[in-house]
Amino acid sequence: KAAGRNNYAIFGEHMDELLRNRRRLENDLRSAVSTRSQLEVFYQPVFSTSGGTLCSLEALARWKHPTLGYISPDQFIPLAEEIGLIGEIGAFVLDDACKTMIALPDITIAVNSSAVELGSTDYARRVLTTLNKWRISPERLEIEMTETAATDNAGDLERTIAKLRTAGVRFAIDDFGTGYSSFSRVQKIEVDRVKIDKSFIDEMDRSDSRALVIAMIDMARAKGLKITAEGVETAEQRAALESLGCDDLQGFLLSRPLPRDAAVAFASRARLG
Ligand code: C2E
Ligand code: CA
Ligand code: CA
Ligand code: CA
């Protein structure tokens, strides 16, 4: 019993600390977003398998916390969604992406959009206003959404996607294969590309995972969609994906995400070479 009470005390203390940390992180994120000084956008190059040229960059948000250092978007994006800051972060990333597109006139940029953003009624209008402000052709923007986003509140989402696609913006299903409703739902939603999730690429040396990748590629092909493989880390994976007919490859083997200046320099070199 004594031990039980003791455990409870430790657990309680631990909870207190977790809550305090969480509240501190929330406040820090609020000020990071309002001042924008700690937010950055990194860009990861994506290469086409035909010719091996750099074809696009994926914009990835970064939060450089003053004392904790870089905090992963896997941590702060869900927090931002919960406390209502995701719209501002998305707008910041899109603005930065437009500046990068101006620096690299031949390149397409992909941004990530969460279900919360895509579900908001004025999202399409805000994206088109931003593109127009920077005089960027909508065809140069691709919006990546997860399958979970694609299955959430279908009504508004479909309208948002239709409005943006009519204007020329492209859409990709991110982390393809990981959503439990996957294939059937994806059939219903109009997109241009699927990005096969890293978890499948990681295990491609196993025949069952390889079969899954082949099934995903076949399905995407049948629908006329482009296919990107993400998280490509080895030369073996690259060769296998090329021979299976993936259109584009992305991963640490080819390049890590880079700060804008480095990405611009990298892309300029990649086009020459
Ligand atoms: P994601 O969209 O699936 O992005 C790919 C993630 O995999 C990135 O992590 C990237 O750095 C990492 N990655 C790429 N190639 C490799 C590889 O070869 N090996 C390994 N181990 N990792 C690789 P990152 O930048 O930490 O982003 C994590 C997630 O946070 C993203 O996953 C995306 O869902 C979300 N995210 C990032 N930026 C934004 C944003 O601006 N808005 C929203 N809504 N979500 C964002
Ligand atoms: Ca993505
Ligand atoms: Ca992904
Ligand atoms: Ca992911």
Side-chain angles (χ1 to χ4, degrees), residues 14-46 56-104 107-120 122-123 125-127 129-131 133-134 136 140-146 148-149 172 174-175 195 198 230-231 250-252 255-268:
H14 186 59
M15 283 302 284
D16 266 4
E17 197 186 316
L18 280 181
L19 278 175
R20 263 201 310 278
N21 283 342
R22 149 109 199 191
R23 239 171 274 133
R24 201 177 301 143
L25 210 60
E26 278 181 23
N27 288 332
D28 289 353
L29 186 58
R30 280 202 182 84
S31 73
V33 168
S34 66
T35 64
R36 275 162 169 69
S37 57
Q38 297 159 23
L39 293 181
E40 293 173 27
V41 182
F42 275 36
Y43 294 90
Q44 187 175 30
V46 180
S56 68
L57 299 170
E58 178 176 1
L60 294 158
R62 294 287 179 266
W63 177 16
K64 197 176 179 185
H65 189 279
T67 55
L68 300 171
Y70 280 108
I71 296 179
S72 162
D74 281 328
Q75 279 179 273
F76 75 82
I77 296 287
L79 182 62
E81 289 177 350
E82 270 176 59
I83 63 177
L85 294 175
I86 190 65
E88 278 176 83
I89 293 176
F92 174 80
V93 172
L94 181 60
D95 224 48
D96 203 274
C98 287
K99 291 178 204 164
T100 306
M101 282 190 265
I102 286 173
L104 292 167
I107 295 279
T108 303
I109 293 197
V111 298
N112 294 281
S113 190
S114 74
V116 177
E117 287 179 277
L118 287 163
S120 102
D122 65 340
Y123 180 73
R125 189 187 49 77
R126 279 189 286 129
V127 168
T129 303
T130 304
L131 291 172
K133 180 183 95 184
W134 292 98
I136 303 272
R140 296 182 61 201
L141 180 68
E142 190 158 285
I143 294 176
E144 299 185 1
M145 60 183 171
T146 59
T148 339
D174 206 350
D175 302 349
K195 297 187 77 174
K198 181 180 184 301
E230 62 177 28
Q250 178 179 6
F252 290 176
S255 172
R256 290 187 174 253
L258 305 165
R260 181 166 65 221
D261 289 352
V264 168
F266 186 97
S268 311

What is the minimum heavy-atom distance between Ser114 and Glu81, and which atoms define it? CB-OE2, 2.7 Å
Separation between CH2 (Trp63) and CD1 (Ile77), nearest 0.5 Å, reads 11.0 Å
Spacing of CG belonging to Asn27 relative to OG belonging to Ser31, to within rounding of 0.5 Å: 8.0 Å
Would you give the length of the straight line joining atom NE2 of His65 to atom CG of Leu29, rounded to the nearest 0.5 angstrom? 9.0 Å
Determine the minimum heavy-atom distance between Glu40 and Phe92, stating which atoms define it. N-CE2, 4.1 Å
Which is it for Arg260 and Val41 under the side chain to side chain contact (heavy atoms under 4.5 Å, CB included) test, yes or no, and what are the steps along the way? CA-CA 7 Å; Arg260 181 166 65 221; Val41 182; over 6 Å; no
For Arg256, look at atom CZ and say whether over 12 heavy atoms of other residues, nucleotides or ligands are found less than 6.0 Å away. no
Salt bridge (charged side-chain N to carboxylate O under 4.0 Å, His left out): which pairs involve residues 57-68, sequence neighbours left out? Glu58-Lys195
Is the closest side-chain heavy-atom distance between Tyr70 and Gln38 below 4.5 Å? no
Measuring from Leu25:CG to Arg30:CZ, what's the distance to the nearest 0.5 Å? 11.0 Å
Between Thr108, Val127, Thr130, Ile136, which is the residue that forms a side-chain contact (heavy atoms from CB on, under 4.5 Å) with Leu141? Val127
Calculate, to the nearest 0.5 Å, the distance between atoms OG and CG belonging to Ser34 and Leu85 respectively. 9.0 Å
Nearest heavy-atom pair of Val264 and Ala103: which atoms, and what distance? CG2-CB, 4.0 Å
When rounded to the nearest 0.5 Å, the distance separating CZ of Arg22 from CD of Glu82 is 4.5 Å
Do you know the tightest heavy-atom contact between Ala32 and Leu39? O-CG, 4.1 Å
Evaluate the side-chain proximity of Arg126 to Thr129: yes if any heavy-atom separation is below 4.5 Å, no if none is. no
Asp122 and Ser120: side-chain donor and acceptor closer than 3.5 Å? yes
Looking at every non-hydrogen atom in both residues, tell me the closest pair between Tyr43 and Thr100 and how far apart they are. OH-OG1, 3.0 Å
Donor-acceptor pair, distance only, cut-off 3.5 Å: does the side chain of Arg140 make one with the backbone of Met101? yes
Is Tyr123 reaching over with its side chain to a backbone N or O of Val116, donor-acceptor style, under 3.5 angstrom? no
Minimum heavy-atom separation for Ser113 and Ile143, please, with both atom names. CB-CG2, 3.5 Å
Is the shortest heavy-atom distance from the side chain of Leu57 to the side chain of Leu104 under 4.5 Å? yes
